Structure formats: C-alpha cells, structure tokens
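Worth knowing before you read on, the calculation uses all heavy atoms, side chains too, and leaves out hydrogens, waters and symmetry mates. Keep in mind the model is a prediction, meaning the values are calculated, not measured. We name chains A, B, ... by the order of the sequence lines, and we start the count at 1 in each one.
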Protein chains: 2
Amino acid sequence: MIEAIPADVRSLQLFEGVADETVCNLLRAGYDQSFPPLVTLIQEGAPADFLHVVVEGMVELFAGTKDREATMAVVRPISTFILAASVRDAPYLMSARTLQRSRILMIPSVNLRAAMATDNRFARNVVLELAGCYRSMVRHTKNLKLRNTRERIASYMLRQSRLLGNVPGFILPVEKRILASYMGMTPENLSRALKSLAEDGCKIDGQRVIITDRPKLEALAGLSPLLDGPDPEASQAGVSLPLPATDARIA
Amino acid sequence: MIEAIPADVRSLQLFEGVADETVCNLLRAGYDQSFPPLVTLIQEGAPADFLHVVVEGMVELFAGTKDREATMAVVRPISTFILAASVRDAPYLMSARTLQRSRILMIPSVNLRAAMATDNRFARNVVLELAGCYRSMVRHTKNLKLRNTRERIASYMLRQSRLLGNVPGFILPVEKRILASYMGMTPENLSRALKSLAEDGCKIDGQRVIITDRPKLEALAGLSPLLDGPDPEASQAGVSLPLPATDARIA
DNA sequence: CCTTCCAATTGATGAAAGTCAAGTGTTGCT
DNA sequence: AGCAACACTTGACTTTCATCAATTGGAAGG
C-alpha cells in the first residue's frame with residue numbers, strides 16, 4: 001500500500017482535475033516498489049492486473065521472443081505504461097523490464113476501472129492519455145514504413161533536439177543497442193549509419209550528438225514535418241522514447 | 001443532419017449502454033453522406049473536426065507523401081476512425097479515402113467531447129474503443145519489427161482464416177497492392193512471396209486463398225500466437241484490416 | 001465485341017540491411 | 001590495478017528486399 005502521494009504523481013496528466021478522493025483511493029489500493037536494473041516487471045501475454053507508473057528510473061517495453069526481440073518504447077518518469085491492457089482487462093502485448101534501478105507504482109486494474117466509472121473527469125483523462133499513446137504508436141509505425149534507416153536516425157536526432165528546445169547538441173538518453181532496436185535496425189547498422197551522418201549534418205561522438213547542419217539533416221529526414229511535428233501528446237504518452245533529461249543538453 | 005438512426009449504428013460498441021438521448025444528440029449534430037470511390041475524406045495534418053463512422057463501403061487510412069505512401073488500415077462497416085485525433089482535438093496523423101462507394105457518418109468532435117463530459121458510460125466506451133485501436137496498432141508494429149515478408153504474409157493468412165472461424169479458404173478482402181502496402185512491402189514482393197508460400201501450406205489463385213497445411217504455415221509465421229492471438233478488440237478497433245465479409249468464406 | 005486501363009506477375013538487376021566474425025574500448029567488479 | 005563482461009565498432013559477406021522494365025490478364029466502358 002502506498003503511504004504518501006508523491007507530488008509528481010499527483011501532477012500526472014491522468015490525475016489533473018480529478019478529485020483528491022479518487023486519486024487517494026487509487027493509490028491506497030496500489031503498491032509502491034523499487035526494483036533493481038534488468039528486472040522483468042511484465043511478461044507479454046500475462047493478464048493485465050496492474051497499471052504501472054514509473055516514478056523513478058527507466059523502463060523498457062519490448063516484444064518478441066528471446067532470439068528475436070524488439071524495443072517498443074522506453075518509459076521515463078513520470079509516465080504510465082500498459083494502460084490499454086489494464087482498461088480492457090486484456091493480456092499484455094508487450095513485456096517490460098527495468099533498465100535502471102526504478103521505482104514503480106502499481107495500481108490494480110480493477111480499481112482503475114472502478115475509478116473511471118465513478119469519476120467522469122478521470123475517465124476523460126484516460127481517454128486523452130490513451131489517444132496520446134495511440135498517436136505515438138501511429139507515428140512510430142509511420143516512421144518504420146515511410147523512412148529508411150538513415151532517415152529514421154536523422155528524424156530521431158532532430159526530434160530529440162526539438163524536444164530540448166532546438167538545442168544543437170545533446171546526450172543520447174539510452175544505449176545505442178536499444179535505440180537501434182527501437183528504430184528497427186541492428187546495432188551494426190546504426191553504428192555505420194551514424195558515422196555516415198557526419199556528412200549530412202550530424203556528428204556523433206560516443207553518447208554525444210551534435211547537429212552541425214540542421215537544414216541538411218532535415219532534408220535527409222524528409223517527409224512532412226507532421227510525422228514528428230509539434231507533439232504535445234508524446235511527453236505524456238508513455239510510449240515514446242524518453243525525453244532526454246534536461247542535463248542532456250550540451251553547452 | 002441525420003434523419004434516422006441506422007439500427008446498426010446504434011449497435012456500435014461505442015454506443016452500447018449509452019442513453020438514447022446522448023446518441024440522438026450526437027447523431028443530430030452530425031451528417032450522413034455518401035461518397036463515390038477514391039474520394040479523399042481526410043487529409044493528414046488537417047484539424048480533426050469530425051469523428052467518422054463507416055456505415056457502408058470501405059475506407060483506406062494511409063499516410064505519407066504522394067511518392068511514398070503507406071496503407072495504415074482499412075476500415076469496414078460498422079466502425080469508427082480517427083477517434084484519437086477527434087478527442088484530442090489534434091491534427092489527423094493519417095489521411096483517409098474511400099475504396100468503394102461509401103456511406104459515412106460524420107460527428108462533430110465538439111459534440112463528441114461534450115457527450116463524454118455528460119455521459120460517463122459513453123466516456124468509458126471511448127476508452128475501450130481507443131484501447132482497442134492502440135492494441136491493434138501495437139500488433140501491427142510488432143508484426144513489422146519481428147517478422148519478415150513471408151512471415152507477415154503467413155500470419156496474415158492465418159489471421160484472416162481464424163477470424164472467419166478457422167476456415168481453410170477465403171477471398172482476399174482488398175486488392176493485393178493495398179495488402180502489400182499495409183504489410184510494408186512492394187506489390188512485386190508480395191506477388192513473389194505468395195507464390196513461394198504454396199510450398200509452405202498456402203495456395204493462392206487470384207483473390208482466392210486456400211490454406212493447405214496449417215501446421216506448416218503456422219511454423220513459418222512463427223513467434224508466439226500472442227502476436228495475433230485471440231483478438232476480441234480488433235473487430236471493433238477500426239484500425240485493422242477488414243474482417244472479410246461472411247461471403248468471403250470458400251466452401 | 002473490342003479497346004483501354006490498371007492490377008498483377010515475372011525476370012533481371014541493384015541497393016539496403018542483416019549476419020558473422022574479429023577487434024576495440026569502457027565499465028564495473030574483485 | 002587487473003580482469004571480465006559487454007557495448008560498440010569495423011570489415012567482409014550474404015540475404016532480403018526494392019527498383020526497373022516488360023508482359024500478362026481481367027474488368028469496365030465505349
């Protein structure tokens with residue numbers, strides 16, 4: 001059971017404008033646990049008994065078998081994940097594991113559905129959250145279908161930059177192998193493509209990324225700006241690659 | 001304005017258990033129009049002023065520019081589409097065009113949001129619908145990332161068969177070029193792969209498909225059955241390839 | 001009935017991405 | 001400090017898939 005409501009949990013979009021009582025009831029029914037890195041929190045196919053909230057740390061959502069596995073998203077505080085399975089009382093479509101030591105809030109799906117029934121504002125917040133998740137996933141799929149390897153990387157870099165306020169440089173928020181899997185390519189290919197991007201306006205040194213020629217990089221990423229365009233929902237969607245921490249910005 | 005409520009619209013999951021008054025208000029505010037084939041109903045990037053419901057016909061959701069375009073889904077009666085954009089009042093992420101002569105109900109997003117605010121049951125139905133859409137899109141993405149061309153085709157065939165009650169034969173519900181785009185491959189490649197599948201338990205003759213060796217085909221499709229597994233939400237998700245019409249079954 | 005259009009097929013070729021293998025570098029642990 | 005583990009890189013090679021071009025076939029319309 002959860003003792004105190006973390007202030008940042010209360011400020012989740014999901015709880016915005018929702019009666020304190022509703023929130024308290026939800027949290028009282030839930031659990032607040034810390035996990036070491038690389039712990040599997042959720043197994044694809046299991047019944048969705050809990051909605052999860054990442055309060056601290058970092059969680060990877062992935063799918064597939066051991067020999068073929070794909071990163072679907074990386075969730076960072078404060079965000080929920082697997083909301084859809086919870087509300088539908090359906091089996092998880094993705095597995096989840098901690099990438100770092102993480103603090104996770106687990107709210108029973110039963111209580112979640114009950115709260116939706118008694119609190120209309122909460123129900124509407126769930127609608128907005130889910131719509132955001134859906135749109136993030138649509139973007140991801142479009143990216144996979146409409147862009148090739150180099151274009152996906154270019155657009156990812158531009159997106160990260162934009163989310164930090166169009167900074168020219170930043171630090172990659174996750175290991176490259178995870179980034180590669182997320183973007184649907186092998187680590188080897190990511191490595192090669194990253195090197196080749198130096199000629200197209202994006203230099204990489206280890207985890208450090210510097211956009212040296214934005215127009216050129218944008219031309220490479222191609223397609224409409226819509227694909228990753230002004231993106232109010234992604235920050236709370238719970239299914240996009242993480243916003244880099246503010247300290248990811250490079251001076 | 002909509003004169004009479006079509007019975008099958010009233011029976012939409014979205015309206016299940018919802019007060020007649022709510023439904024009437026929604027439909028009264030909406031429009032009921034018929035369109036010839038190949039009419040663009042929605043342009044990617046436009047503001048989402050209306051929720052759309054396909055009452056008759058068939059609608060393709062797609063994305064991308066003219067020279068690079070990907071089919072994201074095909075919507076068949078009775079299903080809604082672009083619900084997520086409507087509830088978020090956000091720009092459409094996909095375009096839509098009719099594939100056949102189609103009858104479309106258009107409900108102003110404003111009224112949709114109002115109905116969610118006044119009718120809790122309706123809000124919860126929207127939650128379920130959106131969660132279904134999201135899960136369909138997750139499945140689609142997993143398919144793209146975890147399976148190669150032949151595996152995607154094999155699993156698609158098995159899925160269609162299962163949705164019809166595990167029939168051995170059926171008719172493809174859409175043109176092959178659309179199927180190819182949906183599955184993320186070129187028509188040429190689909191054609192070649194289809195031919196090669198004859199040796200793996202799936203014969204194709206024009207639009208006719210016959211599964212001759214289910215175990216072998218399942219082995220080829222590989223991966224967990226979960227990926228396309230028992231799939232209660234897809235039929236109403238509005239973002240999956242169509243359920244073949246019941247007459248698609250081959251004796 | 002014939003023509004026209006376009007989806008579908010087929011073959012030849014090329015480009016993109018995956019695989020395999022070896023090596024480098026960094027991190028963390030003893 | 002030294003070792004081990006592992007992420008990352010690099011190169012050579014293979015496979016898969018896309019592209020281009022030509023042809024076939026079937027359906028709609030004059």
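The aromatic rings of A/Y182 and A/H140 sit tilted, their planes meeting at an angle between 30° and 60°.
Between the side chain of A/S181 and the main chain of A/T71, a donor-acceptor pair closer than 3.5 Å is present. A donor-acceptor contact shorter than 3.5 Å links the side chain of A/S86 to the backbone of A/F50. In this structure, the side chain of A/T98 engages the main chain of A/V39 through a donor-acceptor pair within 3.5 Å. With hydrogens and angles disregarded, a donor-acceptor distance shorter than 3.5 Å links the side chain of A/E44 to the backbone of A/G64.
Taking atom CD1 of B/I153 as the reference point, atom P of D/dT16 lies 13 Å away to the nearest angstrom. Atoms CD (A/E175) and P (D/dT9) sit 12 Å apart, rounded to a whole Å. Atom CG in B/D67 sits about 15 Å away from atom C1' in D/dA18, given to the nearest Å.
Each of B/M157, B/R208, B/Q207 was compared with B/F170 under the side chain to side chain contact (heavy atoms under 4.5 Å, CB included) criterion, and only B/M157 meets it.
Checked by atom type, the side-chain pair B/T149/B/R192 shows no donor-acceptor distance below 3.5 Å.
Bounding nucleotides for the chain A contact on DNA chain C, 5' to 3', at a heavy-atom distance below 4.0 Å, are C/dA17 to C/dC20.
Sequence order on DNA chain C of the closest nucleotides to B/R177 and A/R152 puts B/R177 first from the 5' end.
DNA chain C is contacted by B/E188, B/S191, B/R192, B/K195 of residues 187-203 of chain B, taking any non-hydrogen atom closer than 4.0 Å.
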